[in-house]
Structure formats: C-alpha cells, structure tokens
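Within every chain, numbering begins at 1; the chains are lettered A, B, ... in the order of the sequence lines, protein sequences first and strands thereafter.
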Protein chains: 2
Amino acid sequence: MKPIGGPGRPAGSRANRPRQADIARLAGVSQPTVSLILSGGSAAVGIADETRRKVMAAAEQLGYMPDPIAKRLAAGQNNLLGLYTFTATFPTEMSHAYHPFLVGIEQESAAQGYDLLMFIASSVTGERPHAEVLNRVRLADGCLFMGRHLPIREMDRLLATDLPVVYLGRHDDFGDRLPYVGADYVTATAEVVRHLAELGHHRILYVRELDDAISAVDREAGFRRGMAECGLPVDRSTVVRTDGSDLTADRLRGWYEQGVTAIVTEATDTDAAHRAVLTAAATAGYRFPEDLSLATLGAPEHAVPGPAFLSGFSVPRREMGAAAVRLLTGLIAGDPSLARHQLMSCEPMPGQTAGPAR
Amino acid sequence: MKPIGGPGRPAGSRANRPRQADIARLAGVSQPTVSLILSGGSAAVGIADETRRKVMAAAEQLGYMPDPIAKRLAAGQNNLLGLYTFTATFPTEMSHAYHPFLVGIEQESAAQGYDLLMFIASSVTGERPHAEVLNRVRLADGCLFMGRHLPIREMDRLLATDLPVVYLGRHDDFGDRLPYVGADYVTATAEVVRHLAELGHHRILYVRELDDAISAVDREAGFRRGMAECGLPVDRSTVVRTDGSDLTADRLRGWYEQGVTAIVTEATDTDAAHRAVLTAAATAGYRFPEDLSLATLGAPEHAVPGPAFLSGFSVPRREMGAAAVRLLTGLIAGDPSLARHQLMSCEPMPGQTAGPAR
DNA sequence: ACAGGTTTCTAATGCGCATCAGATCTATCG
DNA sequence: CGATAGATCTGATGCGCATTAGAAACCTGT
C-alpha cells in the first residue's frame, strides 16, 4: 500500500472532499441525518422538509459526492458496472472486434444510470493472470465478462461469491450459475449453408480456426446441421482447421480443382482463417463471387463502410452488449424473472462475395 | 439502497469470505499482525519468521483474499483513473476515432496499476449535459478528458477542486491549471505543406471543417505558416470551410480548372471535410495523385490496413494516450517536476495520394 | 393533565483493513 | 545489575458511510 498522509485525512484525491460530516456541520444536523436524506430513497420517512432543504443546500454548496468505496463497504451498491475482457479490451493487433459490443454496453449503461469500470489485467501477471483482477472486480455492483476464452477456474471461484455476473457469449459449462448473452451461431450458420445450397453449391468447404472457442464449436455444428439439412455430405476433408499459415494459394487451387465452389469461414477476433482465405484467393487469382463463393460467419462490421461486402451473417454485437447490461442490472436488482441465458439471432447478410455456383 | 442482512455480516458478495480476523484467530495472533504480514510489503520489518509462517499457513488454509473495497477505503486511494469523453466514448456514427487513444490509455493504466472508470453522460441531459458527470468524476483518483470541445464552465468548476486532471488535446485557455497532452499540429501541418511545395505544388487549397476546435485552429495556423515559409500566397479563397454538404463535384472541378493541384484536408472525428473531398473527387472522376494531390492532416489510422494510403501525417494517438496516463498518475502522486503541457510530434506520412504536381 | 402514539432526529456501531502509538519481552552495554 | 536499545506484537483508532435502537419533542384523546 502506498504511504499516505498523516492521520486524519489521507493524502490522496479524497484529501479535502466534503464528507457527510461536513454537510452535517454546515446544516446543523447529524451525519446519519445527512445519510438518510441523501441516500435514503426518495420517500425517506420522517424527515422534516425544512431539514431536508437545509441538508440539500449544504450538500449542493459543498459540491458533495458520496465516496463510492465507503458506500460500498458500508452498504453494497455504487452504480458501477464492471467490464472485464480476458484479453486487452482495446487490442492493438486485433481488429476492433469489441467495439460494437462496447457501443451497446456504453449506451445501455448510461440509460440504466451506471458508469463503467474497466478492469485491466495488470501487466505483471504470472501463471494466473486473471486471479488478481477477478478479485478487484468486486468493486463494482456486478460485472460483465468478454473474451473468447473464459478462465474456468477463476470464473468458478468468482461464481462462488454472489457477485452478479454476465458473460458475453454462450457458455453452458457452468449451467445456470453463469448467466450469459450469446449469439445463435448454430441457426445462423445453418441458414448460411442453406443459402449457398440454394445458389447451387454442393461442394462447400468450412475453413475454421484452430482453437475450440465455443463460438467456433457452435459454428461448426451449425455448418454440419446446414449441410445435413440440405442433404450434402460432410467428410473429413470438408472441415479445414487452420491458423492461416498453412493455407497457401496452391492448397486453395487444389480445392478449386476438386470441385469446391464455396467456402465458409469464420470471423474471430484475429480473423486469421478468414484473412488467410482472402490472401490465398488473391494470390491464386480467384475472385469472389465469380470463381468462388465466400461466406464469412459473423462478418466483421468494421471491414468496409457502405453496403455489406461480405456474405454471411452479422452478429448483433451492439444489441448483445445492451442486452447483457440489461441482464446484469436486472440481476443486481434481484429480478428473479430474468432469463439467465439469452441467445440472440444473427441477421443473414447477402453480401457480394457469394453468388451462383459456377 | 438495497436492504442487507442483519448486523454482523452483510448479505452481499462478501457473504462468508474469510477476513483477516479469521486468520488471526486461527493463527493465534492479532488482526493487525495479519495485516502487516499479508500486505506490509515483502520485507515487513519486525515480524518473527515463526509468526509469519503461521499466518501464511492460516491464510492459505482459509483461502484468504483481501477485500479490495476495505483496502481502498483504508488506504484513501482507490487506484481508479476516470475517463470522460465529451461525446460518447464509443460513438456509433463516427469512425472509431478514439480507439487508438484508448489502446494507449489502457496499456499504460495497466502498467501503472490503475483501473479505468469510464464516465458516461447520462441520457437524461438537459442544457448542461456534463454538469452531473463532472461531479461524479471525483470518484476516481484523477481523470482524463477527451473530446473535441471542452465544456469551459464545468471544467472551470472541476479545476477549482484539487482532483488531478489531464486533457487529451491542446488547450491553453486555462493556462497552467489544465494539464494536457496534445499533438503538435502546427509544425506537422507546415511540414506537409512544405512537402507538397517540394513536389511542385503552388496552388494548394486547405479544406477544413466548420467548427473551431483547437486542433482545427492549429492546423490552419500550420497551413498558413507552411505556405508562408514556402513563399506561397494565401488569400481568402485558399482556405475553404465546409461541413461537407456544399462541396460538390462541380465546385471541385472549378478549383481544378483554376489551377489548384493539391488539396489539404483534416481528419476529425467525423471526417466530414475529408470525406466530402473524396466523394467529390470520385464523382468528378479525379484520381489521387494523378489528377490532384491530397494530404490529410491526422490521417485516420483505421482507414485501411497495410501501408499508409493517405498522405499527410499521423497523430501518435496511442503514445498520447499513454503519455496522458503517465502525466495523470504523476500528478496524483504529486510529482512537481512534471511538464504539465506536453505536445507530441506527428510523423509525416508520404502515403499514396500525394505526388508531383501535374 | 397524563398515558400512549407520532414524528423527527441522533448516538452508537460496524463494514474489513491499515496505521500508529505503545506494551512486552529479550538482547546488549557500561 | 540497572539501563538502554532493539525486536515483536497488540490495542485503539479511523477511512466514509449505512443502519438501528432509541431519545426527544410534539400530538391526541379522555
């Protein structure tokens, strides 16, 4: 702990901020009276109008702001919503993947009267980078979690406390203990496959990333379901896993010559698979949709302004962010009627990279 | 305020977590001893090894985690940096203008051990949307401000308190009272003009936005200085103000026929002027740099990945964010040796939209 | 005029931790 | 051997607020 000033008043920013006691002195009442008036709900019983006026005036005059820390220590709420991303919230190398979520989160937080407290894994992180932050998180009234991979152990510990928590993404491993707002990738992906099939594609490849994030699993499941529903076969070579490095132009050419007419990729926070396909196609001289059709699951919204370029579906990130905030504030308020697991549907995007099979 | 459990233990998330007192009991020592051992730095003086061992063992056994709230209440500091943007921090319609700043802010905050508290102007904003938030802001140990236009009156009030504050952008109206980290637009803009002049351009137009944000003023000043230094005349028609709507293709054509060979625009959070030029040029059929040269001051970094496309200069937004955080934490720590006004230089970007004059 | 009821406020206390001024006990010295 | 100097630890206290029990003043009806 950093050294602070002598006894009496700490040296920090709270140095000479007015406290309830100051208001009390100025208004000629006691501190608890001030507390009652300032935070005791709108219809605080048993306070004379005259007293209330005096206190309010004094508070106004001093520019009083309740100390959220003390408030929380004493009672339990400070109108702060935590936001913790398991990677940097504002990543450098990644595309601005989280931005749309943040837009929704910010708007809805404001609407609900909460401020956002962004927790950041400190740089000095050893083996369990999240352990420390997941503790700090309790500063807020509740916390929103984002990130492709959820640290199971730490989350388990956090869920053992009763801090309200919402995860932005589907995650059923914790059952009802972990409320979430996710996207219905399965349905949306199946829909994309069906659309391609209707365009005459029969040899469709699914190029996905290496890691098994839940969204990736869902998408593959949706792909398989879509293929099945359209009567298209799926064998070992239909689903390709790559981190991008091994997806060469030659390999793509090979697929093309074997009769593949459409490729489905997924957009992630790195977009590795998706970019690899684009690069390989550019190198091989294939154009979309003339030579090959391309559908990108969860097309990144930041790609290009204007009408959607990529075919596929778009994740309603903004709405998801807002819904997550609503769920969280509901949980904080103790609303029992809330659906703790919410899946939002993704809008199909016709786009310009998918067309009739050649 | 939410009702909590009976006296003794609150019903909140702190339900039955072990406290230092529990450890103390188990180890047969006093609570302050536990505090000393657990948080009194590595080489806490005057603690017998035997005692330390016992306490550590007890803490381990109980799975103790310090309560961050109590910790901060006692320490008088909460390791929170406020961040307030005078518009939405995650704007919908604007380009992701603030993102690079946020990257730097996030990284440096983490490095300094602070979390970020994002304040949001509540939606119910009347005439003075910022008044309420600028009050809430005092909840953090210090606060960073962003946004093209700074609400003078509210800022003045805030500066009257001793809350450490840093503004991201140049702003000298408050003199030394308002510390800031800005960008040296004047020098960088003059440099851009010089570059164009060296490419043979003599008729250079400056297309700027309507509003008189300080950055806009600085850029125009830099433009004029650059022109002067190159011996190029500037008259009333050399500087064009627009919100984009009146910048038609015809008007651009007119300039072209009057011998204008280069246009300088500025990138802002809306990019109105810059976009208008691009649109008009596209409509008129002009290409950059073949028909016209274009330089964009503060080229948006998010435009296109890969080698810089736009000529001009880039604002070191990330570094500015980090520098602002360093300045703020320095102020919080009470470091008197800090330069309260910092201007960072912008890197020239050759880009691909400026070439030799036709 | 007095018991019983209201209204309005205050004293006391605790939240979990950190800090500080001693208290206690042991080592060291002249 | 009394005295001084560490070495270790503890009691008391405060951080700013919320909560609760109950004091004080003020009514009401009989």
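Ile47(B) places its CD1 atom 15 Å from the C1' atom of dG6(D), with the value rounded to the nearest Å. Nucleotide dT8(D) holds its P atom 10 Å from the CZ atom of Arg52(B), rounded to whole Å. Atom NZ of Lys54(A) is separated from atom C1' of dT10(C) by 14 Å (rounded to the nearest Å). Asp67(B) has its CG atom 12 Å from the P atom of dC15(C), to the nearest Å. Here dC9(D) presents its C1' atom at 14 Å from CD of Glu50(B), a figure rounded to the nearest Å. Residue Leu38(B) contributes atom CG, which lies 11 Å from atom C1' of dC17(C) at whole-angstrom precision. One atom, CG of Leu36(A), and another, P of dC9(C), lie 10 Å apart when rounded to the nearest Å. Between the CG atom of Asp141(B) and the P atom of dC15(D) there is a distance of 17 Å, given to the nearest Å.
Between the CG atom in Leu150(A) and the CG atom in Leu178(A) there is a gap of 6.5 Å [rounded to 0.5 Å]. Taking OG1 of Thr329(B) as the start and CD of Gln112(B) as the end, the distance is 3.5 Å to the nearest 0.5 Å. Here the straight-line distance linking atom CZ of Arg177(A) with atom CG of Asp172(A) works out to 13.5 Å at 0.5 Å rounding. Separating the NE2 atom in His341(B) from the OH atom in Tyr167(B) is a distance of 12.5 Å, to the nearest 0.5 Å.
Residue Val29(B) has its side chain nearest to dT10(D) when only dG16(D), dT10(D), dA18(C) are considered. Checked against dC15(D), dC9(C), dC15(C), the side chain of Ala74(A) finds its nearest nucleotide in dC15(C). Each of dG16(C), dA18(D), dC17(C) was ranked by its minimum atom distance to the side chain of Leu73(A); first place goes to dG16(C).
By the 30° and 60° cut-offs, the orientation of the rings of Phe145(A) relative to Tyr84(A) is perpendicular.
Side-chain N/O atoms of Thr51(B) include none lying less than 4.0 angstrom from OP1 or OP2 on dT8(D). In terms of phosphate contacts, Gln31(B) brings no side-chain nitrogen or oxygen within less than 4.0 Å of OP1 or OP2 of dA18(C). Taking side-chain N and O atoms only, Ser35(A) has no distance below 4.0 Å to OP1 or OP2 of dG16(D). Close to dT10(C), at under 4.0 Å from its OP1 or OP2, lies a side-chain N or O of Thr33(A).
Val34(A) comes within 4.0 angstrom of nothing in the nucleic acid, heavy atoms only.
Taking five base pairs at each end of the helix from dA1(C)-dT30(D) to dG30(C)-dC1(D), the local helix axes there meet at an angle of 60°, rounded to 10°.
Phe101(A) meets the ring-ring contact (aromatic ring centres under 6.0 Å, His included) test with no other residue; sequence neighbours excluded.
Tyr64(B) and Asp22(B) form no side-chain donor-acceptor contact under 3.5 Å, judged by distance and modelled atom types alone.
Residues Leu38(B) and Ile23(B) form a side-chain contact, since some pair of their non-hydrogen atoms from C-beta on lies under 4.5 Å apart.
Toward the 5' end of DNA chain C, the nearer of the two residues Pro32(A) and Asp49(A), judged by each one's closest nucleotide, is Asp49(A). Nearer to the 5' terminus of DNA chain D, by closest-nucleotide assignment, is the contact made by Ser30(B) (compared with the other of Ser30(B) and Ala70(B)).
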